[in-house]
Amino acid sequence: MTKSVFKFGGGTAEGDAKQKELLGGKGANLAEMAGIGLPVPPGLTIATHVCAAYYDAGGKLPDEVARDVLEALAFVEGVTGKHFGDASNPLLVSVRSGARVSMPGMMDTVLNLGLNDVTVEGLATASGNERFAWDSYRRFIQMYGDVVLGLDHYLFEDALEIAKEDKGVTQDTGLDAGDLKALVGRYKAIVEQALGWPFPQDPHEQLWGAIGAVFGSWRSDRARTYRRLNDIPESWGTAVNVQAMVFGNLGDTSATGVAFTRDPSTGEKAWYGEYLINAQGEDVVAGIRTPQYLTKAAREKAGAKAASMEEAMGQVFTELGRVFDLLEGHYRDMQDIEFTVEDGRLWMLQTRSGKRTAKAALKIAVDMVAEGLISEAEAVLRVEAAALDQLLHPTLDPKAPRDVIARGLPASPGAASGAVVFDSDTAEQKARAGEAVILVRTETSPEDIHGMHAARGILTARGGMTSHAAVVARGMGRPCVSGAGSISIDMATRAMSCGGRRIVEGERITLDGATGDVMLGEVATVEPDLSGDFGALMVWADKHRRLKVRTNAETPADCRVARQFGAEGIGLCRTEHMFFEPSRITAVRRMILAEDTAGRAAALAELLPEQRADFAEIFRVMAGLPVTIRLLDPPLHEFLPHDDAGFAEVAAATGLAESLVRRRIGELHEFNPMLGHRGCRLGITYPEIYAMQARAIFEAAVLVAQETGEAVVPEVMVPLVATPRELEITKAVIDAEAATVFAETGTTLEYLVGTMIELPRAALRAAEIADHAQFFSFGTNDLTQTTLGISRDDAARFLGPYVEQGIYPKDPFVSIDEDGVGELVSLAAERGRGVKLGLKLGICGEHGGDPASIAFCERLELDYVSCSPYRVPIARLAAAQAALKRG
Ligand code: PEP
Ligand code: MG
């Protein structure tokens with residue numbers, strides 16, 4: 001039979017810290033502390049699996065578990081020398097929840113259990129403190145009434161208020177033992193009146209009631225919501241800890257406190273915490289009294305008067321410090337600790353790995369390597385990769401007040417403040433004049449590229465995490481909040497409204513791209529601090545990493561940023577982004593609107609030198625590192641206007657008749673542009689476009705190779721291939737251009753031609769496609785869109801409830817859908833490598849910067865991941881962690 005109840009205390013324990021799944025985090029750590037001889041009040045833990053058994057039995061504790069609880073309770077009595085329900089020296093217990101991971105405040109707790117009309121007298125005598133005993137009894141009835149009996153807590157609070165009014169006092173402490181005794185009578189009457197039976201006097205009945213309530217609270221609405229938000233499975237269940245009470249409120253030699261062994265916000269190696277003399281733990285948490293500092297240094301630094309624990313309770317403080325050191329050494333991590341001092345004696349109530357900011361995580365990991373506590377590999381595993389984001393962008397000053405007016409998707413991290421502008425030209429003008437602006441658009445289109453670049457931050461009312469705005473903003477490192485549905489923009493009055501407020505152009509707002517918050521006015525920010533710790537951790541990460549990390553970038557500036565962050569090449573240069581430049585858009589439009597090959601050729605001839613210069617500059621910046629350039633993949637509508645004013649403007653700029661512009665745009669209209677004439681389909685129907693791009697690539701490569709005398713190996717990538725024949729045809733165009741350029745220049749270069757795998761058919765037919773490809777790059781944005789049949793630009797509107805209901809565990813555009821899209825990736829990798837050993841494999845969808853997806857890529861042994869420049873350090877760390885976890 002599986003063991004369900006585990007004892008701890010008195011220098012022994014039946015469990016340890018490794019058993020969190022079984023004992024819950026709290027129970028496992030209490031057992032661990034007891035096992036290493038720390039002063040832990042004795043108790044018992046009912047294992048997490050009993051939670052399911054409790055529900056299966058219709059809300060009842062199985063008989064054999066109840067029997068084991070009683071046996072363990074006898075052990076607690078033995079250690080404390082007190083007896084449960086004893087009239088002269090009663091044992092009181094706390095009953096608390098404890099899931100595998102902490103769910104702060106989400107489940108129920110009952111303290112002082114075991115008190116009744118008889119034991120309260122015993123407690124008064126044993127403690128020599130009658131007021132304390134009656135106050136404990138009063139608190140117990142109130143807590144038990146609320147948590148176990150389901151009575152409204154205000155019934156008790158009202159009675160307490162009346163008692164204080166009658167006595168003419170404002171504080172609870174103004175009530176003496178007699179008053180509290182009368183109040184207990186009142187409380188009991190409230191219970192009896194509400195339920196029709198008296199408050200349970202039998203301590204065992206109280207115990208079963210409280211255990212049931214804690215198990216029951218696992219399924220409370222708030223616990224369920226918390227689990228949903230934090231990806232905690234329903235099936236885990238909570239453990240229940242029943243532990244002998246110790247009291248920090250027995251007088252001036254008693255106290256209670258919480259502490260971190262290092263500063264959780266900076267990581268500094270200094271004890272950090274608070275305590276209160278003559279108080280219970282709840283008093284510290286509830287903020288009724290202002291807690292005092294633990295150390296003299298912290299008190300002096302804060303300029304506080306009230307004595308620190310170091311000063312007021314020197315001896316216990318020394319002992320506490322010894323315990324801190326011991327716990328840190330034992331767990332080899334920063335600990336978050338709760339303790340109580342009962343009449344001069346220290347008791348440890350909890351320890352766990354402390355939550356910390358990214359900055360603190362980094363410092364603590366690096367310091368602990370220097371202190372010899374952990375290895376470099378462990379340090380690499382200690383810092384959450386995604387949290388590095390906090391360190392790479394300016395962030396909002398946590399102390400600054402904020403007035404949140406709307407909320408959208410956290411599309412690109414960082415924080416920015418500026419004046420609202422509603423179009424890209426205005427953004428550019430104002431930015432040029434030195435003004436910080438936030439570009440606010442219903443959605444962005446490629447034509448906004450200059451405005452996005454000029455703006456400090458971008459806010460859109462529509463669009464998901466892989467929408468144009470989101471992808472481009474992340475690439476540029478601009479903070480972006482996308483899909484803020486409550487915003488509506490009125491271009492006529494140049495104002496936006498959200499949540500009943502109206503904001504006109506020029507008013508200042510602040511974006512937090514890490515949370516999706518939009519705030520009115522300016523909120524102070526703090527700059528990233530990429531100090532030595534960051535560099536040290538990255539060096540260690542790189543030692544353990546197998547996957548290469550490349551970047552998705554198409555401007556020399558972005559390439560430089562990416563290299564500074566450690567990118568080892570370009571995995572995706574989206575050439576259409578280069579076409580959006582205002583100086584080129586007219587030629588691009590002329591090319592699209594051309595009615596014949598000659599017209600297109602003329603427009604392409606204008607673009608060729610510009611493209612060549614772009615590629616040459618990128619090859620220079622990347623200095624011999626691999627550069628994958630993707631041939632044009634634009635949904636054509638993105639380049640074309642949609643209204644009369646736009647038609648007229650394009651006609652004027654291109655010199656074409658407005659009627660022709662209108663007709664051609666009508667002809668080019670597509671119902672589903674994402675599934676339309678884009679990618680290699682464009683290269684198949686208009687081979688001259690890809691020919692021009694290939695020529696530009698090879699000419700640039702030859703130019704830079706001649707300039708530097710070093711090898712440049714371009715990787716030319718064909719998008720949106722579904723069939724081998726598509727690749728075969730386009731590859732022939734590329735190869736022909738290469739041959740021509742090499743003949744013209746008298747220089748021959750090595751180059752690769754490969755394809756994106758971003759359609760399910762391509763994944764399925766990967767073996768035949770590999771015949772024509774030297775590499776595959778998984779375009780998981782389109783592959784997700786086409787596998788799930790969900791538009792990447794519209795998904796945000798309905799994916800929320802999908803994730804909430806567990807249909808997809810996470811947003812599949814953010815973290816790869818391993819079961820579906822992942823299977824296609826895995827199959828394509830296998831089929832491709834099956835025919836071509838050593839076929840180079842990478843990923844360049846947004847998933848290339850997501851730690852969970854990177855771990856997936858590591859398991860498939862892809863060669864590289866490619867992500868936006870600001871995610872490169874995250875990918876390096878995540879790749880190292882994935883490799884270390886694979887072992
Ligand atoms: C993709 O589809 O994953 C990809 C990288 O291409 P894009 O996002 O440009 O469609
Ligand atoms: Mg794509």
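Each ligand, and each atom within it, is numbered from 1 in the order the structure gives.
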ask   = From the Mg ion (ligand 2) out to just under 2.8 Å, does an N/O/S atom of Asp782 turn up?
value = yes

task = Return yes when atom CD of Glu823 has more than 12 non-hydrogen atoms of other residues, nucleotides or ligands closer than 6.0 Å, and no otherwise.
result = no

ask   = Does the side chain of Ser424 pick up a donor-acceptor pair with the side chain of His450 at under 3.5 Å?
value = no

task = Tell me yes or no: between the side chains of Arg563 and Thr551, is some donor less than 3.5 Å from an acceptor?
result = no

ask   = Looking at Glu758, which of its N, O or S atoms is the nearest one to the Mg ion (ligand 2)?
value = OE1

ask   = For the residue pair Val549 and Cys867, what are the closest heavy atoms and their distance?
value = CG1-SG, 4.5 Å

request  = Considering only NZ, NE, NH1 and NH2 on the basic side and carboxylate oxygens on the acidic side, decide whether Glu768 and Arg831 come within less than 4.0 Å.
outcome  = no

inquiry  = Tell me whether the rings of Phe619 and Phe615 are parallel (<30°), tilted (30 to 60°) or perpendicular (>60°).
reply    = tilted

query = For the residue pair Tyr751 and Phe698, does the interplanar ring angle fall in the parallel (under 30°), tilted (30 to 60°) or perpendicular (over 60°) class?
reply = perpendicular

Could you give the N/O to N/O pairs under 3.5 Å linking ligand 1 and the protein, each with its distance?
from, atom 1, to, atom 2, distance (Å)
ligand 1, 2 (O), Glu758, OE1, 2.9
ligand 1, 2 (O), Asp782, N, 2.9
ligand 1, 2 (O), Asp782, OD2, 3.0
ligand 1, 3 (O), Gly779, O, 3.3
ligand 1, 3 (O), Thr780, N, 3.0
ligand 1, 3 (O), Asn781, N, 2.6
ligand 1, 3 (O), Asn781, ND2, 3.3
ligand 1, 6 (O), Arg630, NH1, 2.9
ligand 1, 8 (O), Arg574, NH2, 2.7
ligand 1, 8 (O), Asn781, ND2, 2.9
ligand 1, 8 (O), Arg792, NH2, 2.7
ligand 1, 9 (O), Arg574, NE, 2.7
ligand 1, 9 (O), Arg574, NH2, 3.4
ligand 1, 9 (O), Arg630, NH1, 3.0
ligand 1, 9 (O), Arg630, NH2, 2.9
ligand 1, 10 (O), Asp782, OD2, 2.9
ligand 1, 10 (O), Arg792, NH1, 2.9

